[in-house]
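Beneath this line is the structure, given in C-alpha cells, with notes to follow.
Source: prediction; values computed, not measured.
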Amino acid sequence: MSVLLFEWRRISTLRSTWILSVIAILQAVLILNLPFLLAEVPESATATSLNDVMPLVIIPVFIIFMSTIVAAAFGHDYRHGTIRTSLSLFPNRFELLFGRVVVAFLFTFVIYVVTILAIVATIYAWSSVSGGLQWASFWPAFLRGLLYMTIYNLGVIAVVMMTRIQALGIVAPLMMSLAVENIVLLTLGNRYAWLGEYFPYSQGLNWALGFSNDFAANSGTVTDVFTSMPPSFLISQIVLFGFATFLFQKRDTS
C-alpha cells in the first residue's frame with residue numbers, strides 16, 4: 001500500500017502529468033469539433049459511431065500523450081538519477097515495479113474515461129449534425145481503445161526500463177507503429193505477403209482502429225474485441241515487458 005501512495009504522490013506532483021492530461025483532453029474535444037463546425041446540417045443526421053471518432057482523437061494522438069506520462073514512471077528516475085533513492089525506500093524491486101505500473105495505468109485509465117465522456121458530450125452538443133451517439137458500437141470501440149492503450153504502454157515502459165532513456169520509450173514504439181513496420185511492408189510486402197500478419201504494432205493499430213474482424217462495416221460486440229485481438233501485438237508486448245522486468249531485477253542501478 002505504501003508504494004502505491006508513494007507512486008501517486010510522485011505522478012500527481014509532476015507538472016508534466018497534468019499538462020499532458022489537459023492537452024490530451026482538449027485536443028480530443030477541439031479536433032472533434034472541427035468536422036461538426038464544417039459540416040452542413042443534414043435533414044436526417046446519422047448517429048455518430050465511436051469507431052469513426054477514434055482515428056481522429058484517440059488513436060494515435062491521445063495515446064502519445066498517455067505514453068509520455070507512462071514513460072515518466074521510470075524515465076523520471078533515470079533522467080534525474082533518483083532511482084537509487086526509490087530503491088532505498090523500496091528494496092523489493094518487484095514491489096516498486098508493481099506500484100509504478102499500477103498507478104501509471106490507473107491514471108491513464110481515468111484520463112481515458114474523462115476524454116471519452118468529453119467526446120460523448122461533444123457529439124450530443126452537436127446532435128443536429130452528429131445525430132447523437134451510436135451506442136450499439138460504443139462499448140466495443142471503448143474497450144478496444146482502452147486495451148490498445150494499455151498494451152501499447154506496456155511496451156513503452158518496457159523500453160524505458162531496458163534502455164533507461166525516457167525519450168526512447170516514447171519514440172521507439174511510435175516509430176514502429178507509424179513508420180518502421182510500414183516501410184518494411186512497402187519494400188518487402190510484395191515478395192513476402194505473409195510478413196504483415198506478424199508485425200505487432202501495425203496489427204495492433206489496425207485492430208484498435210476497427211479494421212480487423214470487419215469492424216468498419218460491423219459494429220461488432222465486446223466478445224469480438226477479444227477474439228479479433230492480434231496475438232502478435234499482445235504477446236510481443238508481454239514478452240518485451242517480461243524481459244525488461246528480468247533486467248530490472250538483475251542489473252545494478254548505475
Side-chain angles (χ1 to χ4, degrees), residues 20-21 23-25 27-28 31-32 50-75 101 104-105 107-109 111-112 115-116 119 140-163 165-190 192-213 215-216 220 225-226 228-244:
L20 289 167
S21 299
I23 293 175
I25 297 169
Q27 67 84 27
I31 292 176
L32 185 56
L50 192 60
N51 286 316
D52 301 324
V53 172
M54 283 172 62
L56 288 173
V57 299
I58 296 295
I59 302 166
V61 182
F62 175 84
I63 304 296
I64 296 172
F65 289 108
M66 295 300 99
S67 69
T68 305
I69 293 174
V70 170
F74 274 98
V101 171
F105 283 14
F107 186 88
T108 54
F109 166 73
I111 301 302
Y112 177 76
T115 305
I116 295 296
I119 289 171
F142 174 90
L143 191 57
R144 278 203 325 278
L146 176 61
L147 288 174
Y148 176 75
M149 179 181 71
T150 303
I151 297 169
Y152 179 90
N153 283 339
L154 200 64
V156 168
I157 202 168
V159 173
V160 175
M161 289 167 62
M162 288 189 294
T163 64
I165 303 173
Q166 180 176 330
L168 195 58
I170 301 167
V171 173
L174 182 62
M175 291 299 295
M176 290 295 294
S177 299
L178 302 180
V180 175
E181 291 185 352
N182 289 328
I183 291 172
V184 174
L185 283 176
L186 285 173
T187 55
L188 300 177
N190 290 333
Y192 307 103
W194 50 267
L195 206 57
E197 298 178 9
Y198 299 96
F199 278 178
Y201 286 100
S202 57
Q203 286 289 306
L205 185 62
N206 287 335
W207 168 74
L209 293 174
F211 296 154
S212 62
N213 202 28
F215 267 110
V225 172
F226 294 97
S228 63
M229 181 188 293
S232 60
F233 179 56
L234 177 62
I235 293 172
S236 65
Q237 303 310 290
I238 291 176
V239 170
L240 198 64
F241 182 75
F243 183 65

Val101 and Phe241, any side-chain heavy atoms less than 4.5 Å apart: yes
Check the angle between the aromatic planes of Tyr112 and Phe142 and answer parallel, tilted or perpendicular using the 30° and 60° thresholds. tilted
When every non-hydrogen atom of Ala24 is compared with those of Phe65, the smallest separation belongs to CB-CB, 3.8 Å
Please find the pair of heavy atoms, one from Leu32 and one from Val57, that lie closest to each other, and give the distance. N-CG1, 3.9 Å
Applying side-chain contact (heavy atoms from CB on, under 4.5 Å), run through Ile119 and Ile116 and close with a yes or a no. CA-CA 5 Å; Ile119 289 171; Ile116 295 296; 4.2 Å; yes
Once you round to the nearest 0.5 Å, how far does OG1 of Thr68 lie from CD1 of Ile170? 4.0 Å
State, with a plain yes or no, whether a side-chain heavy atom of Leu178 is found less than 4.5 Å away from one of Leu205. yes
CD-CG distance between Gln237 and Asn153, expressed to the nearest 0.5 angstrom: 10.0 Å
For Gly169 and Pro173, the nearest pair of non-hydrogen atoms, with its separation, is O-CD, 3.0 Å
Could you give the distance from CZ (Phe226) to CG (Leu234), rounded to the nearest 0.5 Å? 10.5 Å
Quick check: closest heavy atoms across Ala158 and Ala244, and the distance to 0.1 Å? O-CB, 3.5 Å
Quick check: do Ile58 and Val53 have side-chain heavy atoms less than 4.5 Å from each other? no
Which heavy atom of Ala28 sits nearest a heavy atom of Thr115, and at what distance? CB-CG2, 3.6 Å
Give a yes or no answer on whether the side chain of Gln203 reaches the backbone of Tyr198 with a donor-acceptor pair at less than 3.5 Å. no
To the closest 0.5 Å, what do you measure between CG (Leu188) and CG (Leu185)? 8.5 Å
Aromatic ring centroids of Tyr152 and Phe233 under 6.0 Å? no
How far apart are the C-alpha atoms of Ile151 and Met229, what are their side-chain angles, what is the distance that settles it, and do they pass the side-chain contact (heavy atoms from CB on, under 4.5 Å) test? CA-CA 11 Å; Ile151 297 169; Met229 181 188 293; 4.1 Å; yes
How close do Pro140 and Val225 get, counting heavy atoms only, and between which atoms? O-CG2, 3.5 Å
Value for CG (Leu168) from OG1 (Thr163), rounded to nearest 0.5 Å, stands at 4.5 Å
Does a side-chain heavy-atom distance below 4.5 Å link Thr150 with Leu146? yes
Ser202: what forms a side-chain hydrogen bond (donor to acceptor under 3.5 Å, both in side chains) with it, not counting sequence neighbours? Glu181
Is there a side-chain contact between Ile69 and Ser21 in this structure, where contact means two heavy atoms from C-beta onward sitting under 4.5 Å apart? yes
Calculate, to the nearest 0.5 Å, the distance between atoms CG and CD1 belonging to Leu240 and Ile235 respectively. 13.5 Å
Quick check: does any side chain N or O of Trp207 sit under 3.5 Å from a backbone N or O of Arg144, one acting as donor and the other as acceptor? no
Could you check if a side-chain atom of Ile111 sits within less than 4.5 angstrom of a side-chain atom of Phe62, using non-hydrogen atoms only? yes
Any side-chain heavy atom of Met176 within less than 4.5 Å of one from Phe199? no
